[in-house]
Amino acid sequence: MSLKSERRGIHVDQSELLCKKGCGYYGNPAWHGFCSKCWREEYHKARQKQIQEDWELAERLQREEEEAFASSQSSQGAQSLTFSKFEEKKTNEKTRKVTTVKKFFSASSRVGSKKEIQEAKAPSPSINRQTSIETDRVSKEFIEFLKTFHKTGQEIYKQTKLFLEAMHYKRDLSIEEQSECTQDFYQNVAERMQTRGKVSPERVEKIMDQIEKYIMTRLYKYVFCPETTDDEKKDLAIQKRIRALHWVTPQMLCVPVNEEIPEVSDMVVKAITDIIEMDSKRVPRDKLACITKCSKHIFNAIKITKNEPASADDFLPTLIYIVLKGNPPRLQSNIQYITRFCNPSRLMTGEDGYYFTNLCCAVAFIEKLDAQSLNLSQEDFDRYMSGQTSPRKQESENWSPDACLGVKQMYKNLDLLSQLNERQERIMNEAKKLEKDLIDWTDGIAKKVQDIVEKCPLEIKPPNQSLAAIDSENVENDKLPPPLQPQVYAG
């Protein structure tokens, strides 16, 4: 199979993958092009601005009520004292509510505060419920892992348990707010280990991986694709979109992969398997690992095909092709889950962050794929999308001499099936036309017969008298001569 080197419509500058604020970390479409750190800063600024506006509005309303009360105080007379106490109680109640709302959004509401620790002491049905086999196994592994850190491990386990208890009381919050609490917890624990525990960055990373595995295994069923979001709707939309693009060929995307080579074909199958397997994992880090393995298989397939290291411009079109060919289940839900609850340091730097950012770009490209991106006319693109026709398969004379016989036979069979399908469609159309003609002819004949019957109606006359009764009325039969007798002539 010949490979074209022309790049057609699929190119992403590596600078576009980085945070648009210029910090050097990888950005993410879910964070509007920011990295995790910059997005949190922007989110906090917007939230603090909203809190300030709400506070100013509450103060203004309170002043208006006080002015209205002062103007009406002189006319109240004896009821002034009683109404004053009532108004004071009302003002205090309103101030208390506003202060509560402000504290709820302030930094003091983060996990680990005294208020949350007191609330967390209450027994949680979710924590005390009978855990699954996987949850129980992860819990044992987490405890065994923390035993090697002695006092620091005990403190980490205590904070982790408090966080899970606190998350039980926050299930009514939006998924974005739960994500914010989780990201705050990651940041607080990491900073505490580095400042107080004097733990090295390498060990901090290992500990954070175990913490993420422990808490997300327990929270997975509550925070993955929750009903309060439109994640499921997005999953169905992207699945339907990928199914509609089943006709896209590697040549249209300019994919530098030759699947006729057995090693390359195996790499493609492994890449598809890895991207599909992502949905079976619970921990964001494990889902990222599936994306990373898929990406490495893609790079190996390109390297074997081209006999040289793969470039970033080769990687993205091939990743798009793998996603189109695999159609991973719940793709958008998995991307959102990783974005919301993965340790942010993994998404900001390293190969995991790079491959995940490229996957987000691939999904965005598929959602906006058009005729120009595939170097097709709009007419052909619309016909392919509607299923009226499919792209022509490769002709036999274009095959290389060492091409796989099985692949050649497969394409030959596909061409034959396509021809049979077209022939069947023609026969069905002609049969329907013949049926319509027969119905029209029958109706026409019936109409003509009806017209003739109406024009010349059929009259049925009584039968004529029989010939045997001609002489029945002759009354003079006795006067007739006798009948002649036959005579024999002798001659």
Side-chain angles (χ1 to χ4, degrees), residues 17 26 28-30 36 132 134-135 137-138 141 179 182 186 205-206 208-221 223-225 231-232 234-235 238-239 242 255 257 263-303 310 312 314-367:
L17 302 178
Y26 290 119
N28 191 299
S36 174
S132 64
E134 182 179 1
T135 304
R137 178 182 57 81
V138 171
E141 291 177 356
S179 171
T182 306
Y186 288 151
E205 184 177 356
K206 292 182 180 179
M208 293 305 301
D209 289 342
Q210 292 297 323
I211 292 175
E212 177 188 314
K213 182 178 181 181
Y214 176 68
I215 65 175
M216 295 316 302
T217 301
R218 289 178 169 269
L219 298 177
Y220 175 81
K221 62 183 297 185
V223 298
F224 181 83
C225 192
D231 292 350
E232 184 177 2
K234 293 180 179 178
D235 289 334
I238 191 65
Q239 261 193 345
I242 292 176
V255 175
V257 168
E263 294 84 353
V264 175
S265 179
D266 291 342
M267 292 295 175
V268 171
V269 172
K270 290 179 180 179
I272 294 174
T273 303
D274 289 332
I275 198 68
I276 292 176
E277 188 181 1
M278 173 180 62
D279 186 59
S280 64
K281 305 298 181 181
R282 286 191 173 190
V283 184
R285 180 171 62 91
D286 294 341
K287 292 182 181 290
L288 276 179
C290 292
I291 299 174
T292 301
K293 287 192 295 183
C294 169
S295 302
K296 289 184 176 180
H297 288 315
I298 290 175
F299 273 107
N300 289 334
I302 298 173
K303 183 178 179 181
D314 295 329
F315 170 67
L316 183 59
T318 311
L319 179 60
I320 294 171
Y321 174 68
I322 293 297
V323 173
L324 289 175
K325 198 168 183 180
N327 197 358
R330 300 192 292 186
L331 181 57
Q332 287 286 6
S333 291
N334 282 287
I335 290 177
Q336 292 296 330
Y337 177 69
I338 294 172
T339 302
R340 292 164 181 158
F341 297 101
C342 183
N343 187 354
S345 61
R346 283 192 170 272
L347 300 182
M348 292 164 57
T349 58
E351 61 179 6
D352 289 344
Y354 174 77
Y355 295 140
F356 179 71
T357 304
N358 274 274
L359 178 62
C360 296
C361 293
V363 174
F365 178 84
I366 291 173
E367 292 175 339

What's the shortest heavy-atom distance between [X] and [Y], and which atoms?
X: N334; Y: R330; answer: ND2-O, 2.6 Å
X: I272; Y: G326; answer: CG2-CA, 3.7 Å
X: Q239; Y: P328; answer: NE2-O, 4.4 Å
X: P329; Y: I276; answer: CD-CG2, 4.1 Å
X: V264; Y: A301; answer: CG2-O, 3.9 Å
X: V138; Y: K213; answer: CG1-O, 3.9 Å

Lys/Arg-Asp/Glu bridge criterion (N-O < 4.0 Å) met for R285, D352: no
Lys/Arg N to Asp/Glu carboxylate O, K296 vs E351, below 4.0 Å: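 A salt bridge links K296 with E351.
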Is any side-chain heavy atom of [Y] closer than 4.5 Å to one of [X]?
X: D209; Y: R346; answer: yes
X: M216; Y: V223; answer: yes
X: L347; Y: L288; answer: yes
X: F356; Y: T292; answer: no

How many angstroms lie between atom [atom1] of [X] and atom [atom2] of [Y], to the nearest 0.5 angstrom?
X: C360; Y: I291; atom1: SG; atom2: CD1; value: 7.5 Å
X: I238; Y: I242; atom1: CD1; atom2: CD1; value: 4.5 Å
X: N343; Y: M208; atom1: CG; atom2: CE; value: 5.0 Å
X: L359; Y: L316; atom1: CG; atom2: CG; value: 10.0 Å
X: L324; Y: F365; atom1: CG; atom2: CZ; value: 8.5 Å
X: E212; Y: D286; atom1: CD; atom2: CG; value: 8.0 Å

E367 atom CD: more than 12 heavy-atom contacts under 6.0 Å: yes
Test side-chain contact (heavy atoms from CB on, under 4.5 Å) applied to M278 and L331, step by step: CA-CA 9 Å; M278 173 180 62; L331 181 57; 4.0 Å; yes
Please answer whether the main-chain N or O of [Y] pairs with a side-chain N or O of [X] as donor and acceptor at a distance below 3.5 Å.
X: Y214; Y: E141; value: no
X: D235; Y: Q332; value: yes
X: K303; Y: A310; value: no

side-chain contact (heavy atoms from CB on, under 4.5 Å) between K281 and C290, intermediate numbers included: CA-CA 9 Å; K281 305 298 181 181; C290 292; 4.0 Å; yes
Listed partners of Y220 passing ring pair (Phe, Tyr, Trp, His ring centres under 6.0 Å), at least two apart: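 Residues passing ring pair (Phe, Tyr, Trp, His ring centres under 6.0 Å) with Y220: F224, Y337.
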